[in-house]
Amino acid sequence: MLGLSSYAGVMESLMNRAEEQQPSSPLTNSRSKKQESSKNQKPRLVGGFVLVHAGAGYHSESKAKEYKHVCKRACQRAVDRLKAGALAVEAVAAALVELEDSPFTNAGMGSNLNLSGEIECDASIMDGKSLHYGAVGAISGIKNPVLVANRLLSEAQKGKLSAGRIPPCFLVGRGAHDWAVSHGIPPCPSEKMATKFSLSAYKRNKRKMELAEKMDTGHNQTKRRRQSNENENGSGGLDTVGAVVVDLEGNVAAAVSSGGLAMKHPGRVGQAAHYGCGCWAENAYNMNPYSTAVSTSGCGEHLIRTMLARECSAAMQSEDAHQALLEAMQNKFISSPFLSSEDRVLGGVIVLRCCRCVEAPPSQNIQGILVEFLWSHTTESMCVGYMSAQDSKAKTHISRLPPGTVPGQCLAIEGGVCRLMSVVE
């Protein structure tokens with residue numbers, strides 16, 4: 001069954017317009033020198049586009065303003081970095097830090113507590129230019145897990161360690177924490193990362209579990225505990241955060257961060273840390289005409305078993321991006337044979353793809369990138385925000401399934417188009 005299938009309107013972004021960037025000179029010899037020197041100059045490629053999400057789950061109307069506000073701040077943070085000349089991977093990390101710092105998201109500060117009352121976070125980041133990836137799983141005592149993942153990525157790009165050792169790309173638990181501290185990332189006590197909301201949710205969930213255990217024993221006890229966990233970890237608690245970015249060089253990057261399911265078992269690692277499951281980024285090359293970036297959210301186990309991030313990225317090489325994502329979500333996720341035993345398949349994705357566009361008339365001084373961006377989810381709602389470097393402020397939207405549809409059995413899909421331009425100065 002398919003739910004909403006709408007494709008939002010086009011957003012046109014023209015950056016660094018040629019007429020504003022090319023002053024004329026009354027002196028012929030000066031003009032000639034400028035024209036000659038311009039042949040040896042590279043375009044001043046500053047700017048780009050960012051798409052973020054504050055999770056696929058349930059976003060109440062009472063907190064809609066807060067969710068939208070944090071998405072706006074994350075977009076602005078990424079755009080500020082792009083305007084300063086940062087590459088896509090730096091900008092996407094900056095967006096994630098803003099999302100992790102919000103007490104309203106299940107990432108970094110305010111993350112869900114596990115069965116032991118501790119916060120353990122997962123995060124990963126991927127650079128489409130180098131194809132390097134960094135991730136941490138079940139890490140405690142670090143305020144911004146994405147910074148550790150990003151540092152793992154950057155350290156791996158430096159090459160082998162002493163004695164020819166291969167640098168790690170994925171660390172978990174205490175080892176991840178110690179590595180982060182040894183590389184200059186400050187620790188943060190777990191008690192300071194918990195918020196009033198996350199603590200109250202933990203106490204409420206714990207009481208429900210204790211009550212369920214007292215109600216019955218044996219088979220019924222196991223069944224009731226399972227039902228309780230399903231309710232607590234339904235579409236209301238799957239608010240993993242993520243972002244995808246393209247810079248004006250055409251490089252893409254993606255990142256994702258999560259506190260995991262509420263009342264999860266200590267040591268559990270969700271899709272946010274797994275390769276090909278939480279995020280994916282890949283620049284165009286050879287037979288792939290499009291650069292693609294994906295970030296996922298939802299039930300980690302469902303996303304891991306389907307490797308949804310990589311599946312959606314591969315689908316984006318088709319001519320029709322909207323139809324390709326629709327089919328990927330339906331065939332590779334909702335109807336996936338790997339999830340045939342599941343009653344509800346819960347997840348969401350944000351997707352970005354881009355390619356060089358030809359100007360009319362063609363000009364050596366103008367380079368353009370056509371960006372298509374989409375989001376899709378099977379959960380009750382998904383909060384997204386997007387912004388180009390030319391925009392004065394970010395746009396935000398809470399996408400919802402149509403009334404009467406069943407989460408996990410139908411999907412929503414929306415998106416738009418952005419055109420980025422750069423000019424030789």
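With rounding to the nearest 0.5 angstrom, the CD atom of Glu118 is 8.5 Å from the CD atom of Glu191. Between Arg305 atom CZ and Leu339 atom CG the span is 5.0 Å, to the nearest 0.5 Å. Distance check: Lys68 NZ to Lys65 NZ gives 11.0 Å after rounding to the nearest 0.5 Å.
In terms of heavy-atom proximity, Met193 sits nearest to Cys188 at CG-SG, 3.7 Å. When every heavy atom of Ala254 is checked against every heavy atom of Val244, the shortest pair comes out as CB-CG1, 3.8 Å. Of all heavy-atom pairs between Ser182 and Trp179, the closest is OG-O, 2.7 Å. Nearest approach of Ser399 to Glu414, heavy atoms of both residues: OG-OE2, 2.9 Å. In terms of heavy-atom proximity, Leu248 sits nearest to Ile369 at O-CD1, 3.6 Å. Contact record, Val70 with Ser102: CG2-CB, 3.3 Å, taken as the closest heavy-atom pair.
For the pair Asn114 (side chain) and Met263 (backbone), a donor-acceptor distance under 3.5 Å is absent. When atom types are taken as modelled, the side chain of Arg81 and the backbone of Ala94 share no donor-acceptor pair closer than 3.5 angstrom.
For Ser258, the side-chain contact (heavy atoms from CB on, under 4.5 Å) criterion is met by Asn106, Thr240, Ala272, not counting sequence neighbours.
Contact check on Lys264 versus Glu301 returns no salt bridge, with no Lys/Arg side-chain nitrogen under 4.0 Å from an Asp/Glu carboxylate oxygen.
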